[in-house]
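Reviewing the structure listed below.
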Number of protein chains: 2
Amino acid sequence: MTVSKTADVDAAKPPRPSRKANGEGADEAASLQLGELSELLGYSLKRAQLRVFEDFLNCVAPLQLTPAQFSVLLLLDRNPGRNQTEIANTLGILRPNFVAMLDGLESRDLCARMRSTNDRRSHILTLTDKGRAVLARAKKLVATKHEARLNEVLGPANRAALLDMLAKIAREF
Amino acid sequence: MTVSKTADVDAAKPPRPSRKANGEGADEAASLQLGELSELLGYSLKRAQLRVFEDFLNCVAPLQLTPAQFSVLLLLDRNPGRNQTEIANTLGILRPNFVAMLDGLESRDLCARMRSTNDRRSHILTLTDKGRAVLARAKKLVATKHEARLNEVLGPANRAALLDMLAKIAREF
DNA sequence: CGGTATTTGATATATTGGATAACAATTATC
DNA sequence: GATAATTGTTATCCAATATATCAAATACCG
C-alpha cells in the first residue's frame, strides 16, 4: 500500500490563526502532537539548551559576550599560565577553531597571548585588566539576571538537581 | 598594571602525559579547574546535549538517521495531513532549511510530499511504508539502546525528573 | 650529537545548522 | 477585481564544527 498521489483525506485545513502581527510571534502551527518526541531526552535537552543560551545572550548583551567567550574568560581567570591547547581542550573547542576565537577576544583587549619562555611554541593566555573587568561585570549579569531567573522557574533545589544530572550525563554517559 | 610581554611567571610546564595512542584519546589537558563553569547551567546543558546526541547517532547508526530526521519521522507519523510549514514550525526548523531536509528523506523514500487538493500551495507530508518501517526500527533502537542507557545512568525517577525540568525550561523560561 | 617524531599555533578548507531576502504560484481579504 | 498574505523554494550568508597541512619549536632515542 503506497501513498496515493493526491491527499483527498485529512484535508489540509489547520486552525490557521491567521494573525501574525501579535506582540512577538512564536505560536505557529498550534495543536500539533509531539507524541514520543516529548519523551525523547535529547529533544528536550536541545530545546532547553537553545532557550538557555538565548537568554544568556540577552542578559549579557551589553557586554557582547557569547556563552563560549564567557566560558573562555572564566577559564583563563581560574587557570593562569595555560596555553591555547589546554584551554581549548577543556572547553571541547578544536585548536584550529580556537585561533579565531582568541583573535576576537584579543582584538577587544580582553585577553593576551604571550610566548612562553619555557616552550617557545606555546602561547600563555592571560586576562587583561579590561578582560577581568568585563568578566566581573558579566558574572554579575549572569548571576542576577540569567541564573536568577532559572532559579525562579525551577526552584533552587530543582536547579541543583538538574545541574547534577547534566554533569553526570556529561561524565558517565 | 598591564600584562608584560613574556610570561616568566607560572611556567608553562603542564603534566604533559605525552601518550596519545591510548585506547581512544579524550583525557587531554587534565587538572584544569572549571571553576564557576560547573555552576553554569547552560554549560552543562550543552555538554550533556552533545553527548546525548552523539550516543543517539551511534545507536541509530544502522538506520542512518540524525536526531532531527528522527523527530521529523515521529511527527509525520503522529500528525498525518500536515504540510511543511506546520511540521517545520513545531520542530523549530525554518521553512527554507526544511526543504533540503525533506529532499533527503524523500530521496530515500522515507516520506513523500503531495499537493493538497484544498490548498494547492501546500505539500501534505506523509510517511511511506518504508518510512514507517524505518521509524519502527529506529524507535526500537532508541528505546533499547539509547534511552535504556540513560535510564541506567540516571535511574528512572531521575530521568523523569530531568525530562520534566527540561520541558519546563523550554516552556516557561 | 643528530636524526626522527611530537607538539603548538596557525592556515586553509569543507561541512553543517541556522538565518534572511526574494520569488512564483496560490489563496485570502476587502 | 486589486491588493495582501501564505506556501514552497532558491539563493545567500553567517556561525559552529571538522580535517589536513604547515613551520617552528621541542622531545625522544639510538
Side-chain angles (χ1 to χ4, degrees), chain A residues 7 11-22 25-26 28-29 46-47 49-50 53-54 57 64-69 71-72 82-89 91-106 111-125, chain B residues 7 11-22 25-26 28-29 46-47 49-50 53-54 57 66-69 71-72 82-89 91-106 111-125:
Chain A
K13 213 78 173 189
R16 198 83 65 76
S18 117
R19 35 132 174 86
K20 186 64 156 301
N22 57 344
E28 333 257 348
K46 175 136 196 201
R47 273 298 168 88
Q49 185 258 319
L50 288 176
F53 268 45
E54 186 185 3
L57 279 176
Q64 283 287 89
L65 282 183
T66 67
Q69 291 172 324
S71 68
V72 169
R82 300 303 187 136
N83 64 24
Q84 299 185 193
T85 299
E86 293 171 313
I87 299 294
N89 278 345
L91 289 178
I93 302 173
L94 294 173
R95 276 69 75 214
N97 299 332
F98 194 49
V99 173
M101 187 165 180
L102 269 187
D103 289 345
L105 293 176
E106 204 176 17
C111 73
R113 340 181 198 212
M114 36 194 168
R115 304 218 87 96
S116 164
T117 50
N118 304 326
D119 187 339
R120 296 181 44 223
R121 290 171 297 186
S122 60
H123 288 169
I124 301 303
L125 299 179
Chain B
K13 213 74 174 192
R16 198 81 67 75
S18 118
R19 32 124 176 96
K20 185 64 157 300
N22 57 347
E28 334 257 349
K46 176 138 195 198
R47 273 298 168 89
Q49 185 258 318
L50 287 176
F53 267 46
E54 187 185 2
L57 278 175
T66 67
Q69 290 172 324
S71 68
V72 169
R82 299 303 187 137
N83 64 24
Q84 299 184 194
T85 299
E86 292 171 313
I87 299 295
N89 279 344
L91 288 178
I93 303 173
L94 293 173
R95 276 69 75 212
N97 298 332
F98 194 49
V99 172
M101 186 165 180
L102 270 186
D103 289 345
L105 293 176
E106 204 175 15
C111 73
R113 342 181 196 210
M114 36 195 168
R115 303 218 88 96
S116 162
T117 52
N118 303 327
D119 187 339
R120 296 181 45 222
R121 289 171 297 187
S122 60
H123 288 170
I124 301 303
L125 299 179

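Fair warning: this is a prediction, and the values are worked out from it, not measured in the lab. Lettering follows sequence order; numbering is per chain, from 1.
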- request: Could you tell me the separation between the CG atom of B:Leu57 and the C1' atom of D:dT17, rounded to a whole number of Å?
  value: 14 Å

message: Between P on C:dT16 and CE on B:Met101, what's the gap in Å once rounded to a whole number?
response: 13 Å

task: Nearest whole angstrom, please: distance from the P of D:dT6 to the CD of B:Glu86.
output: 13 Å

- request: Might you point out which heavy atoms bring B:Thr66 and B:Leu57 nearest each other, and give the distance in Å?
  value: CA-CD2, 3.9 Å

message: From CD1 of A:Ile87 over to C1' of C:dT8, roughly how many Å is that when rounded to an integer?
response: 14 Å

- request: Determine yes or no for a side-chain-to-main-chain donor-acceptor pair under 3.5 angstrom, with A:Arg47 supplying the side chain and B:Leu91 the backbone.
  value: yes

query: For B:Glu106 and D:dG8, what is the distance between atoms CD and P respectively, to the nearest whole Å?
result: 12 Å

task: Could you tell me which residues satisfy side chain to side chain contact (heavy atoms under 4.5 Å, CB included) with A:Leu50, sequence neighbours excluded, listed by chain and number?
output: A:Lys46

- prompt: Which heavy-atom pair separates B:Arg120 from B:Thr117 by the least distance, and what is that distance?
  reply: CG-O, 4.4 Å

query: Of B:Arg120 and B:Ile93, whose nearest nucleotide on DNA chain C comes first from the 5' end?
result: B:Ile93

message: Determine whether a donor-acceptor pair (one donor, one acceptor, N or O, separation below 3.5 Å) exists between the side chain of B:Arg121 and the base of C:dT26.
response: yes

task: May I have the distance from A:Phe98 (atom CZ) to D:dT19 (atom P), rounded to whole angstrom?
output: 18 Å

- prompt: Looking only at side-chain N and O atoms, does A:Thr85 come under 4.0 Å of OP1 or OP2 in C:dT7?
  reply: no

Nearest-Å distance for atom pair CD1/P, residues B:Ile124 and D:dT7: 11 Å

task: Verify, without hydrogens or angle tests, whether A:Arg115 (side chain) and A:Ser122 (backbone) share a donor-acceptor contact under 3.5 angstrom.
output: no

message: Expressed as a whole number of angstroms, how long is the span from A:Leu94:CG to C:dT16:C1'?
response: 14 Å

task: Find out whether B:Cys111 and B:Leu105 are in side-chain contact, i.e. whether some heavy atom of one side chain is under 4.5 Å from a heavy atom of the other.
output: yes

query: When every nucleotide of nucleotides 9-16 of chain D is labelled 5' to 3' by its protein contacts under 4.0 Å (heavy atoms), B for base, S for sugar-phosphate only, - for none, what sequence of letters results?
result: BBB-----

- prompt: Any donor-acceptor pair under 3.5 Å linking the side chain of B:Arg95 with the backbone of B:Thr85?
  reply: no

